[in-house]
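Here is the naming used below: chain letters follow the sequence lines, and residue numbers restart at 1 for every chain.
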Amino acid sequence: MTLLQLYKINIGARAMMVCAALVLVLGGVAESFALTCVTTPDKVDIGMSYHGAKLVVSGQSKADDELIVKITAPNGESHLKFKGKAANLFWMKMGSMVYSEVPAVYMLSSTSPVDKMLLTDQLNENKIGYPALESHVKIESDKMEVEVKQWFDEFIRFKEKDNLYSVREGAVNKTIEQDGATYKLELDWPYQATPGEYSVEVLAVRDGKIMEKAQSTITVARAGVVAQLSDLAFNNAALYGVMAIVIALVAGFGVGAVFKGGGSH
Amino acid sequence: MHMYLPIALTSVNYLVVVGLGLAVGLLSGLFGVGGGFLMTPLLMMIGIPPTIAAATDANQIVAASASGTLAHWRLGNVDFKMGLYLLIGGFLGGAAGVQLIKVLRATGGADFLIKITYVVMLGSVGSFMFIESLNALKKNKAAKAESSEQAAPADKKGGLLSKLPLQTYFEKSGVTHSAMVPVALGIFVGVLAAIMGVGGGFLMVPVMIYMLRMPMHVVVGTSLFQIMFTCTEVTFLQSYSNHTVDFLLAILLLVGSVFGAQIGTMLGKKLKADQLKILLAMLVLAVTVKIVTELVMEPSLLLAYAGGH
């Protein structure tokens, strides 16, 4: 996508989203810019050559507000295996671990460190930062009593490796304008994030309080051949299996025949 | 350079995947192994979930083994009769093994037992083949023998085994066995393969060499013939029941592996039987060392997706 196209989409989407964005005024006076949130693009198509996407979250805010941008997938369960030392000898998968009350994707960005903006209770209540997520997480294992601190840290490392969890304090850039401010967050959307709808929430913080919230969404969907193959695999599994086998056999015998034709021996 | 995989739900560099296919296909054509014990961990390293890595590998092995079987058939290296008996045994053993693993898992602690069996099997098969072929190479050097193809005497039969009913002459391999022998050995490998979650090529090849006394080159061709069928079955079942075959990933892999299998077959033709055996032994030992190292070293991440070895 060229810069010009991106710019056009940006302008169009911004115009629509400014109207549609859910703006909750929790307090304060709307004497200048109300908080807005626009994600550009707000739809990510997964085609054959997809390798993640460049996204921009931007909008307007009041000049004095600090900003927090939180991108999450809806809360769900993550079913994983945990490793331990068997017979005090070998590291291997020992059992299952189910994480609930935490999102599959969590990307937190802000204008400055969040623990300088809000008190722990507020951070926890709004699930801002890893310690806040830890206060909500439920971890269950079929094989042992779970030590939450240790296994939540492991969960973060596991998610960060796939770029599904991140905390970037200072990544939101704010520009002071005449009647308020504009902000911008540039984001590398990870290809590891599965298709689905993701929530983008911007929080404006002033004097240790959350003053405003604005939201938008990112829709990630399969497109073209990727969508067709996926449909076939799940909705017509027998045909998909036969097709996979036939193509493999044709390719195998075909190349075998070509090699003979090429006079290799 | 990147392709998104619709089932694995991840993006890969397609040159890397084609390269992997080429390398493992080459080993397949050379040694008659499917290469699952190499490919599955390699795919996991590039971010493919374990269950999808294993199932998709089976799909690409269909192509590599078809390519390799055709190449070996042209060289007269496929004993279809022996392959068929082994296949019957393999199917029966595989089905029994799948049930057995359910019982083992239910009793708990089975995974440790399975891992230990796998390592001991790999290590002992590798060591035995290495020592045996090293001795044979030394002997051949001393005797200045042209070829070691006769190292396995065609008419050599065990006393008890020769008394079994259904004695059959296997023309391509030049051996006579009771039809029950390859079927029983097929069951044995099938059970072990199902328990360990691998294709069993690395077990089947030594069984054919040392227990069925088949010539090395015929072993490779016949093993590939047999693998083609087992992997076809696995591909279908995995697609149908578990939706774990990633067709695009399989295509990338097989683009490399079908050529690799042809190159492997050509290379194999230039090597003597004992040279092939010692190379396979070294490969099996290297994989054993890798697995043992992974088991002993603390992993960087203590969480993993479900499935896989």
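There is no contact between Pro190(A) and chain B, counting heavy-atom distances below 4.5 Å. In this structure, chain B has heavy atoms under 4.5 Å from both the backbone and the side chain of Met48(A). Heavy atoms closer than 4.5 Å to chain B are found in the side chain of Ile46(A), but not in its backbone. With a threshold of 4.5 angstrom between heavy atoms, Arg157(A) approaches chain B through its backbone and through its side chain. At a 4.5 Å heavy-atom cutoff, the contact between Ser300(B) and chain A is made by backbone atoms alone.
Screening Val119(B), Thr293(B), Val120(B) for a side chain to side chain contact (heavy atoms under 4.5 Å, CB included) involving Thr288(B) leaves a single residue, Val119(B). Under the side chain to side chain contact (heavy atoms under 4.5 Å, CB included) test applied with Trp189(A), the options Val220(A), Thr39(A), Asn163(A) reduce to a single match, Val220(A). With Ile52(B) as the fixed residue, the side chain to side chain contact (heavy atoms under 4.5 Å, CB included) test singles out one of Val245(B), Thr40(B), Asp246(B), Asn242(B): Asp246(B).
No other option in Trp91(A), Phe90(A), Phe158(A), Phe155(A) has as many heavy-atom pairs under 4.5 Å with chain B as Trp91(A).
In this pair, Phe229(B) and Phe225(B) present their aromatic rings perpendicular. The plane angle is above 60°, beyond the 30 to 60° band.
The side-chain heavy atoms of Leu303(B) and Tyr99(A), taken from C-beta on, include a pair separated by under 4.5 Å. Taking 4.5 Å as the limit, some side-chain heavy atom of Cys37(A) sits within range of a side-chain heavy atom of Val57(A). The side-chain heavy atoms of Val255(A) and Leu70(B), taken from C-beta on, include no pair separated by under 4.5 Å. Between Leu224(B) and Met228(B), the closest side-chain pair of non-hydrogen atoms is not below 4.5 Å.
Among residues 227-242 of chain A, the residues having any heavy atom closer than 4.5 Å to a heavy atom of chain B are, in sequence order, Leu229(A), Ser230(A), Ala233(A), Phe234(A), Ala237(A), Ala238(A), Tyr240(A), Gly241(A), Val242(A). Chain A is approached within less than 4.5 Å, heavy atom to heavy atom, by Met3(B), Tyr4(B), Pro6(B), Ile7(B), Leu9(B), Thr10(B), Ser11(B) from residues 3-14 of chain B, ordered by number.
Between the side chains of Gln262(B) and Ser67(B), at least one donor N or O sits under 3.5 Å from an acceptor N or O. For the residue pair Thr51(B) and Thr244(B), no side-chain donor N or O sits within less than 3.5 Å of a side-chain acceptor on the partner.
For His2(B), the ring-ring contact (aromatic ring centres under 6.0 Å, His included) criterion is met by His51(A), not counting sequence neighbours.
Within the structure, salt bridge (charged side-chain N to carboxylate O under 4.0 Å, His left out) pairs that include any residue of residues 130-146 of chain A do not occur (at least two apart or interchain).
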